[in-house]
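In what follows, a structure is listed as structure tokens, so that the remarks can point back to it.
Keep in mind it's a predicted model, so treat the numbers as computed, not measured. What's counted below: heavy atoms across the whole structure, side chains too, no hydrogens, waters or symmetry copies.
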Amino acid sequence: MMAAADVVARLKEVGITAVHVKLRATGGVKSRSPGPGAQSALRALARNGLRIGRIEDVTPIPHDTTRKSHGRRGRRL
């Protein structure tokens, strides 16, 4: 949230008032959902007076890949 506030301050200096946002999670064989910080950062952008146009999810999705090893519950010792 603090980084988003810094971004808004810098954008206002330059004169930008509206943005399109692209959210990206880890993707691939890892998590496909953005973390909890993504939503709070987006909210901070809007709260600090920046107009948000489009919100797009650009998480990479594998078309064909090897399976993640060790099964659904991970590696157990």
Check: M1 main-chain N/O paired with S40 side-chain donor or acceptor under 3.5 Å: no
Drop me the distance from [X]'s [atom1] to [Y]'s [atom2], to the nearest 0.5 angstrom.
X: R47; Y: L42; atom1: CZ; atom2: CG; value: 11.0 Å
X: R43; Y: I52; atom1: CZ; atom2: CD1; value: 10.5 Å
X: H63; Y: I61; atom1: NE2; atom2: CD1; value: 8.0 Å

What's the shortest heavy-atom distance between [X] and [Y], and which atoms?
X: A4; Y: A41; answer: CB-O, 3.7 Å
X: R54; Y: H20; answer: N-ND1, 3.0 Å
X: S31; Y: A25; answer: O-CB, 3.9 Å
X: P60; Y: T26; answer: CG-O, 3.8 Å
X: D57; Y: L23; answer: OD1-O, 3.2 Å

Side-chain touch R32/P62, heavy atoms, less than 4.5 angstrom: yes
Steps toward side chain to side chain contact (heavy atoms under 4.5 Å, CB included) verdict (K22, V58): CA-CA 6 Å; K22 290 185 176 183; V58 292; 4.0 Å; yes
In one Ile/Leu/Val/Met/Phe/Trp/Tyr side-chain cluster, 4.5 Å: V21, V14: yes
Trace of the side chain to side chain contact (heavy atoms under 4.5 Å, CB included) decision for L50 with T17: CA-CA 6 Å; L50 198 64; T17 59; 5.5 Å; no
